[in-house]
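Structure first, then comments.
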Amino acid sequence: MREKSYLCQNFENMRKIFLALMLIWLPMLLHAQSMKGYYYNEEYQIYLYLSADSSDIKVPGQDIYGELPGYFGSKRDSRLWLITGCERKNKHQVKIEVINDYGSEDFEALLSEDRDGHITMKHLDGSTYKIVVNSKYVKVPKTIVLAKKEHP
């Protein structure tokens, strides 16, 4: 039986190395596209539904807006803030444009995802993000961390 040539052996070794690298890189590539799901902040009782790479979220009771990249809400406030624009800055950051459900206020924020699946929202420009608690407006801090949770 004829021995494999040097080039064939090198090709097989390179193929094995390539496959091994793909197995290592694949989870990282999938993680880069994972800014999707339900996120929650316990202190302010704020939640975020987000689908950063596609506009496929319908806002409950707001069918007129169609499918959006997501929305913010609070367990203590029935009003919603709709994400109308979403621009990926890199694999872990997304710049969002947000408007309240009345259309009277808007702001821009940067969402940064860490390895634990937490999202840090940093207010960049525009109106202050606020919620109603006990009939009074409460300003949400300019930087807030939301943890990924199971959809309730």
Side-chain angles (χ1 to χ4, degrees), residues 13-152:
N13 289 337
M14 292 195 50
R15 187 174 63 96
K16 288 176 185 176
I17 291 170
F18 177 75
L19 289 173
L21 288 174
M22 288 306 294
L23 289 173
I24 293 169
W25 288 335
L26 188 60
M28 288 187 269
L29 293 172
L30 292 175
H31 178 72
Q33 304 298 322
S34 69
M35 273 186 144
K36 183 174 185 167
Y38 174 78
Y39 300 86
Y40 189 73
N41 177 279
E42 235 13 94
E43 181 180 355
Y44 288 90
Q45 297 179 4
I46 294 169
Y47 58 87
L48 162 67
Y49 284 102
L50 179 66
S51 181
D53 296 310
S54 61
S55 295
D56 60 1
I57 295 179
K58 287 192 176 184
V59 182
Q62 306 280 347
D63 290 340
I64 191 166
Y65 295 115
E67 294 182 337
L68 297 172
Y71 61 93
F72 288 97
S74 172
K75 292 196 174 194
R76 301 182 282 182
D77 186 357
S78 63
R79 295 171 307 124
L80 297 173
W81 290 76
L82 313 175
I83 299 174
T84 57
C86 199
E87 175 188 348
R88 189 168 282 282
K89 293 295 184 183
N90 60 46
K91 62 183 177 179
H92 299 292
Q93 290 186 323
V94 174
K95 182 179 174 186
I96 58 172
E97 296 171 359
V98 184
I99 189 166
N100 67 0
D101 54 1
Y102 296 118
S104 60
E105 297 180 80
D106 63 348
F107 68 88
E108 290 181 353
L110 183 67
L111 303 179
S112 302
E113 184 180 38
D114 66 17
R115 293 189 185 274
D116 297 329
H118 294 85
I119 288 185
T120 301
M121 181 178 81
K122 182 177 179 185
H123 184 275
L124 298 176
D125 190 29
S127 304
T128 303
Y129 179 36
K130 53 192 177 244
I131 57 173
V132 175
V133 178
N134 298 327
S135 302
K136 294 181 183 176
Y137 279 109
V138 174
K139 292 180 181 178
V140 176
K142 291 198 178 269
T143 302
I144 190 166
V145 177
L146 299 121
K148 192 164 191 171
K149 302 273 185 180
E150 288 295 319
H151 188 287

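Atoms considered below: every heavy atom in the structure, side chains included; atoms not considered: hydrogens, waters and symmetry mates.
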**Non-hydrogen side-chain atoms of Lys36 and Asp53 separated by less than 4.5 Å** = no

**Request:** Give the intermediate values and the outcome of side-chain hydrogen bond (donor to acceptor under 3.5 Å, both in side chains) for residues Ser74 and Gln45.
**Result:** CA-CA 6 Å; Ser74 172; Gln45 297 179 4; 5.7 Å; no

**Message:** Among residues at least two apart in sequence or on other chains, which ones pass side-chain hydrogen bond (donor to acceptor under 3.5 Å, both in side chains) with Asp77?
**Reply:** Arg79

[X] versus [Y], closest heavy-atom pair with distance:
X      : Y     : answer
Gly70  : Ile57 : CA-CD1, 4.0 Å
Lys148 : Gly37 : CE-CA, 4.4 Å
Cys86  : Val94 : SG-CG1, 3.0 Å

**Prompt:** Which word best sums up how the rings of Tyr47 and Tyr49 line up, parallel for under 30°, tilted for 30 to 60°, or perpendicular for over 60°?
**Reply:** perpendicular

**Single hit among Gln93, Glu87, His92 for side chain to side chain donor-acceptor pair (under 3.5 Å) with Lys89** = Glu87

**Message:** Does atom NZ (Lys130) have a neighbourhood of more than 12 heavy atoms from anything else shown, all under 6.0 Å?
**Reply:** yes

**Item:** Qualifying residue, where the test is ring pair (Phe, Tyr, Trp, His ring centres under 6.0 Å) with Tyr129 and the options are Phe107, Tyr137, Tyr44
**Value:** Phe107

**Request:** Indicate yes or no for a side-chain donor-acceptor contact from Asn41 to the backbone of Leu146 under 3.5 Å, with no hydrogens or angles considered.
**Result:** no

**Prompt:** For the side chain to side chain contact (heavy atoms under 4.5 Å, CB included) test, which of Leu50, Val98, Asn100, Leu82 pairs with Phe72?
**Reply:** Val98

**Request:** Scan for side-chain hydrogen bond (donor to acceptor under 3.5 Å, both in side chains) pairs involving residues 58-72, sequence neighbours excluded, and state none if there are none.
**Result:** none

